[in-house]
**Student:** 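A single structure is presented below for examination.
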Amino acid sequence: MKLLTTLLLIVLSLSAKTITDDYGRVVVVPDTITKIYAASPPITMSVLAFNPDLVAALNSPFNELQREYVGSAFDKKVVGGFMGQGNTPNFEILSSVKPDVILMWGRSSAHEKILAKFEKLGIPVLLVKNDSIHDIITQFELLGNLTNNKARADELIAYTQKSLSLIESLQSKLKEQKSIRYYYAQGVDGLNSECEGSFHLEPFKFAGAKNALDCKMSSNYGMEKISIEKVLLSNPDVIVAMESTFAENVSQNSQWENIKAVKDGKVFTIPSTPFNYISRPPSFMRLLGIRWLIHSFYPSILEKSFEQEKAEFEKLFFTQKGANSVK
């Protein structure tokens, strides 16, 4: 019996490996990993960019406009996830999906209780950081280690590092420009926004702009309710809108018409095809989003046209889209 147990442990060790996650936890995972469930949308997005075939289940369904970008991930089961406002995964569906590993944001509220629930499923769980755009690099490194696909990890990391280096090199030029004060309008009425300290605002910081609002965060989720009086007092130079409906109609709204940004026609709608460039979720799309913000705020700073940068980005991060565009 002792010999059989020893042999079993040897066999198991040969088909497994250990991974140290972003929080120093050493976790045993299968040596061959083909299905990954990420418990929050930003991390699911990183898995999607790495390889859509790896996505074991979705936090929310894709729409038809996203189909050509997401490949095989489009038809995966929807499990849900930890997306704020009390959302949780469907553990029954997750159990039926049988992912090889679960990735979870380490800052999820009550993550220890959540971790215990996941571990009851017998699936290894790795805690991942997603507090800054720089964490995208370690996410791709982790995916390369999990899948033994270092080549894919290296090309995504190289682009990310090159982008961050470019953005860093532009900071001195951006400081020479007249500082732009922005209001980040979320919701169909534009009266939800983010306060200083929110990681949803990171792209704006790298784009050399200053939040016109003076407010405090109430939660990591963000989308703070803002009164129209507070927006009027902030009188931003530009408005960056999440919803196209709001941006298209704001100039006809008497409550907004006297705000500087509206009078000057400086209301920009964040591109959202295939996914939002700035946030919701705060994903690798921010690498393109920062470029878009800089092009919008300071058109002469970047040498390449935005369309050229967008084409290069999509070819790398959405391999399915790149394959389709070659046909």
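The shown structure was predicted, so the numbers you read here are calculated from the model rather than taken from an experiment.
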**Student:** By the definition side chain to side chain contact (heavy atoms under 4.5 Å, CB included), identify the one residue from Thr138, Asp22, Leu143 that meets it with Val128.
**Tutor:** Asp22
**Student:** Sub-3.5 Å donor-acceptor pair from the side chain of Arg291 to the main-chain atoms of Ser163, do we have one?
**Tutor:** no
**Student:** Do Arg67's NZ or CZ and the ring of Phe318 fall within the cation-pi criteria of under 6.0 Å and 45°?
**Tutor:** no
**Student:** Quick check: closest heavy atoms across Pro274 and Glu314, and the distance to 0.1 Å?
**Tutor:** CD-OE2, 4.3 Å
**Student:** Scan residues 164-260 for pairs that pass disulfide (SG to SG under 2.5 Å), counting only residues two or more places apart or in two chains.
**Tutor:** Cys195-Cys215
**Student:** Are the side chains of Lys17 and Asn148 in contact, using a 4.5 Å heavy-atom criterion?
**Tutor:** yes
**Student:** Taking 4.0 angstrom as the limit, do Asp237 and Lys210 come out as a salt bridge?
**Tutor:** no
**Student:** Can you find a heavy atom in the side chain of Ile239 that is under 4.5 Å from one in the side chain of Val231?
**Tutor:** no
**Student:** Assert yes or no for the condition that the ring centre distance of Phe118 to Phe91 is strictly below 6.0 Å.
**Tutor:** yes
**Student:** May I ask you to decide if Leu174's main-chain N or O and Gln177's side chain share a donor-acceptor pair within less than 3.5 Å?
**Tutor:** no
**Student:** Could you tell me how the ring of Phe317 sits relative to the ring of Phe284: parallel (under 30°), tilted (30 to 60°) or perpendicular (over 60°)?
**Tutor:** parallel
**Student:** In chain order, what residues pass the side chain to side chain donor-acceptor pair (under 3.5 Å) check against Asn149, with sequence neighbours excluded?
**Tutor:** none
**Student:** So, applying side chain to side chain contact (heavy atoms under 4.5 Å, CB included) with Tyr277, which one of Ile270, Ile290, Leu293 is it?
**Tutor:** Ile270
**Student:** Taking the side chain as every heavy atom from C-beta outward, state whether Tyr182 and Phe204 have any atom pair closer than 4.5 Å.
**Tutor:** yes
**Student:** So that I can tick it off, tell me whether Glu312 and Lys162 are bridged by a salt bridge, with the cut-off set at under 4.0 angstrom between side-chain N and carboxylate O.
**Tutor:** no
**Student:** Gln161 and Ile137: which non-hydrogen atoms are nearest, and at how many Å?
**Tutor:** CG-CD1, 3.7 Å
**Student:** Please name all residues satisfying side chain to side chain donor-acceptor pair (under 3.5 Å) with Thr32, sequence neighbours left out, ordered by chain then number.
**Tutor:** none
**Student:** Side-chain contact test, heavy atoms from C-beta onward, threshold under 4.5 Å: evaluate it for His200 versus Met223 and give yes or no.
**Tutor:** no
**Student:** Quick one: sort the Trp256 and Phe246 rings into parallel, tilted or perpendicular, breaks at 30° and 60°.
**Tutor:** perpendicular
**Student:** Apply salt bridge (Lys or Arg N to Asp or Glu O under 4.0 Å) to the pair Glu194 and Arg280, showing each step before the final yes or no.
**Tutor:** CA-CA 12 Å; Glu194 304 293 328; Arg280 313 273 169 211; 2.7 Å; yes
